Protein chains: 2
Amino acid sequence: MPKIVNHEERREQLAKAVWRIIRREGLEGVSVRRVAEEAGMSLGSLRHYFDSQSALLAFSMRLVSERIKKRVQSLPLDGDLRENIETLIGQIVPLDEERLAESQIWIAFSTFALTEPGLRPLSQEIHDSLREMFRKIIDSLAQSKLLKPGLDTELEAKRFHALVDGLLVHGVIAPEAMRAEEIAGIIARHLDSLLVQQRGA
Amino acid sequence: MPKIVNHEERREQLAKAVWRIIRREGLEGVSVRRVAEEAGMSLGSLRHYFDSQSALLAFSMRLVSERIKKRVQSLPLDGDLRENIETLIGQIVPLDEERLAESQIWIAFSTFALTEPGLRPLSQEIHDSLREMFRKIIDSLAQSKLLKPGLDTELEAKRFHALVDGLLVHGVIAPEAMRAEEIAGIIARHLDSLLVQQRGA
DNA sequence: TTTTTTTTAATACAGTTGTGTTATTAAGCA
DNA sequence: TGCTTAATAACACAACTGTATTAAAAAAAA
C-alpha cells in the first residue's frame, strides 16, 4: 500500500514557501524551481502536488484568504458592538507582523489577479465578501441605533471599506509613516465619527 | 552632423508602450522585446534610448507621476476652497478612463517597487508628496475656519489620504462596484463630515 | 521479506528573458 | 554631392522559465 503523506500539509508547506518568496522578492520571483528550493524539496515533488504553477499560485492565494477568514470567524466577539467591530477590523489591517505579512501577500496577489484571468474570480469573491462585511457592520450599527441618524448606510459602508483598505495599503507601502497605533487610531476616529455620542463614555 | 531626433519624445513613446502592456498584461508582461514591438521599433532602438530594462521601468514610472503632478499644478483652482479640494482630488482618483488607466499603472508600479530597490525611493517620494498634499489640504481648511473645531489635523490628513487611496484601489480592482459617481460621492461625504455646516448651502 | 504504489530525483526540451556585439541604414550639415 | 554620426537592425549568448518524461527510491501492507 502507498506511502502515506499528509497531502494537504505538503501543499500548505509549498504555499508558505510561495508567501516567503513573495515577501522577499515579489511575485515575479515565484518560479516553480525557487519555490521547491524554498520549501526544501525537489521540483518533481512540487509538481506532484501541483500540476502547474497556476494551480500553486491559486492555492497559495486562497490559503491566505482562508487563514484570515478562519481567524475572523473564530473571534469571541463578546464585547459590545463597537468593540467587536474594532476587533474584527483589527484582523484585517497590518497591526502586527503576522497581519503585515498577510497584507503584503494579499496586495501582491490582488495586483497580479488584475491581469490573470485564472485568479480574478477569487480576487473578486474575496473583495465582495469584504464589502458585504462592511455593509453588515454599518447595518448592525444602524439597527442598534448607534449610527448617527440620517446617514446613507450603503455609502458609509463603502466609505469605511475604502478607508480600511487604504490603511492596509499605507501600512504596507509606508510602514514608517503608518504605524499600528496610527492605523488603530484612525479606525477608532472613523467609528467615533459614525456613532452617536455615548453618554457613559 | 547627426540625425536629429527628439530624444525625450522617443523615450515617452516607449514609456507609453510600457503603460499599455501593464494595463493589458501586467508588469510581468513588460519584457524589452515586447515593449519595442508595442512601440513599433526594434529592440536595438529601445536599447539606444534605455541602457537597461530597469532604466525603462524607472522612466515609465516617473512619467506617470509627473503627468499627474503637472495636471494638478496646472489646475485653475479659482473656486472656493472646498471646490478646489474636490477638483484636486478628482485628478487622482479614477473618475474617467484616463485616470483609471493611470491608477492601474500606478498600482502596478507601487506593488512592484515594494521588492525592487531601484524603484522604492521614487515610490516613497511620491507617496510622501501625496501625504504632504493631504496635510496641506487639512491645514488650509483649519486656517480658513472651515474645519470642524477640535479635530486632530495630522490624523485627519492621514485618514483622508488613506480613504482616497482606498477609493483608487477599489476603483481599479472592482470598478463595477465603485463607479466614478460613487467615488465622487464618498469624497464629498467625507468633506461634509470634516467641514462646519455652511450657512448658505 | 516481498509486493505495490506513492513519492522523489534527474534530465531534457523548447521558449523566453536581459544584455552585448557588430553591420547596416539614414539623416543632417558642409 | 560627400561626410559624419545618430539610429537601427540582426544576431549571439548564457541564464532562466514552465512543463514533460523517465528512472530510482521509499514506505506501507502482505
Side-chain angles (χ1 to χ4, degrees), chain A residues 1-22 24-61 108-109 111-113 115-119, chain B residues 1-22 24-61 108-109 111-113 115-119:
Chain A
M1 278 299 196
K3 170 181 169 183
I4 293 193
V5 166
N6 189 330
H7 220 77
E8 204 57 17
E9 198 173 274
R10 290 288 226 188
R11 288 162 72 90
E12 294 194 7
Q13 184 182 342
L14 283 161
K16 285 174 185 172
V18 169
W19 296 353
R20 289 195 295 275
I21 296 172
I22 286 179
R24 236 180 20 237
E25 314 170 31
L27 237 158
E28 315 79 44
V30 181
S31 72
V32 286
R33 284 174 180 81
R34 199 180 287 272
V35 172
E37 186 193 32
E38 176 77 26
M41 61 178 79
S42 75
L43 177 57
S45 311
L46 182 150
R47 291 232 25 186
H48 184 262
Y49 292 105
F50 292 102
D51 283 348
S52 68
Q53 189 191 34
S54 310
L56 169 60
L57 289 176
F59 182 86
S60 304
M61 185 175 179
F109 274 126
T111 306
F112 187 60
T115 50
E116 204 65 22
L119 292 182
Chain B
M1 278 299 195
K3 170 180 169 182
I4 292 193
V5 166
N6 190 330
H7 220 77
E8 205 57 18
E9 198 172 275
R10 290 288 227 188
R11 288 163 70 91
E12 294 193 6
Q13 184 182 342
L14 284 161
K16 285 174 183 171
V18 169
W19 296 353
R20 288 195 296 275
I21 296 171
I22 287 179
R24 236 180 20 236
E25 313 169 30
L27 237 159
E28 315 79 44
V30 181
S31 72
V32 286
R33 284 174 180 81
R34 199 180 287 273
V35 172
E37 187 192 32
E38 175 77 28
M41 62 177 79
S42 75
L43 177 57
S45 311
L46 182 151
R47 291 232 22 188
H48 184 262
Y49 292 104
F50 293 102
D51 283 347
S52 68
Q53 188 191 35
S54 311
L56 169 60
L57 289 176
F59 182 86
S60 305
M61 185 176 180
F109 274 127
T111 306
F112 187 61
T115 50
E116 203 65 21
L119 293 181

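Throughout, a chain's letter reflects where its sequence line sits, starting with A, and its residues are numbered from 1. Quick note: numbers below take in every heavy atom, side chains included, and nothing from hydrogens, waters or symmetry partners. The shown structure was predicted, so the numbers you read here are calculated from the model rather than taken from an experiment.
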**Report entry** Worked check of side chain to side chain contact (heavy atoms under 4.5 Å, CB included) between A:Phe59 and A:Leu14
**Finding:** CA-CA 10 Å; A:Phe59 182 86; A:Leu14 283 161; over 6 Å; no
Report the distance from atom [atom1] of [X] to atom [atom2] of [N], rounded to the nearest whole Å.
X: B:Tyr49; N: D:dA9; atom1: OH; atom2: C1'; result: 14 Å
X: B:Met41; N: D:dA10; atom1: CE; atom2: P; result: 15 Å
X: A:Leu27; N: D:dT17; atom1: CG; atom2: P; result: 14 Å
X: B:Leu46; N: D:dA10; atom1: CG; atom2: P; result: 15 Å
X: B:Arg34; N: C:dT17; atom1: CZ; atom2: P; result: 6 Å
X: A:His7; N: C:dT5; atom1: NE2; atom2: P; result: 17 Å
X: B:Glu37; N: C:dT17; atom1: CD; atom2: C1'; result: 15 Å
X: B:Glu28; N: C:dG15; atom1: CD; atom2: P; result: 22 Å

Mind listing the side-chain donor-acceptor pairs of residues 41-48 of chain B below 3.5 Å, one per line with the distance, residues two or more places apart or on another chain?
from: B:Ser42; atom 1: OG; to: B:Gly44; atom 2: N; distance (Å): 3.4
from: B:Ser42; atom 1: OG; to: B:Ser45; atom 2: N; distance (Å): 3.1
from: B:Ser42; atom 1: OG; to: B:Ser45; atom 2: OG; distance (Å): 2.7
from: B:Arg47; atom 1: NH2; to: B:Asp51; atom 2: O; distance (Å): 3.2

Requested in this report: Using only side-chain N and O atoms of B:His48, determine if any of them is under 4.0 Å from OP1 or OP2 of D:dT8.
Outcome: no
Report task. Output yes when at least one side-chain N/O atom of A:Ser45 is less than 4.0 Å from OP1 or OP2 of C:dA9, else no. Result -> yes
Query raised in the report: Checking side chain to side chain contact (heavy atoms under 4.5 Å, CB included) for the pair A:Glu38/A:Arg24: CA distance, chi angles, key distance, verdict?
Result: CA-CA 12 Å; A:Glu38 176 77 26; A:Arg24 236 180 20 237; 2.9 Å; yes
**Report entry** Nearest heavy-atom neighbours spanning B:Ser60 and B:Phe109
**Finding:** CB-CZ, 3.8 Å
Query raised in the report: Of all residues at least two apart in sequence or in a different chain, which pass the salt bridge (Lys or Arg N to Asp or Glu O under 4.0 Å) check with B:Glu12?
Result: none
Requested in this report: Find the distance between CG (A:Leu27) and OG1 (B:Thr111) and round it off to the nearest 0.5 Å.
Outcome: 10.0 Å
Any N/O pairs under 3.5 Å between the protein and nucleotides 18-24 of chain D? List them or say none.
from: D:dG18; atom 1: OP1; to: A:Val32; atom 2: N; distance (Å): 3.4
from: D:dG18; atom 1: OP1; to: A:Gln53; atom 2: OE1; distance (Å): 3.4
from: D:dG18; atom 1: OP1; to: A:Gln53; atom 2: NE2; distance (Å): 2.3
from: D:dG18; atom 1: OP2; to: A:Val32; atom 2: N; distance (Å): 3.1
from: D:dG18; atom 1: N7; to: A:Arg33; atom 2: NH1; distance (Å): 2.7
from: D:dG18; atom 1: O6; to: A:Arg33; atom 2: NH2; distance (Å): 2.7
from: D:dT19; atom 1: OP2; to: A:Gln53; atom 2: N; distance (Å): 2.9
from: D:dT19; atom 1: O4; to: A:Arg33; atom 2: NH2; distance (Å): 3.4
from: D:dA20; atom 1: OP2; to: A:Arg47; atom 2: NH2; distance (Å): 3.1

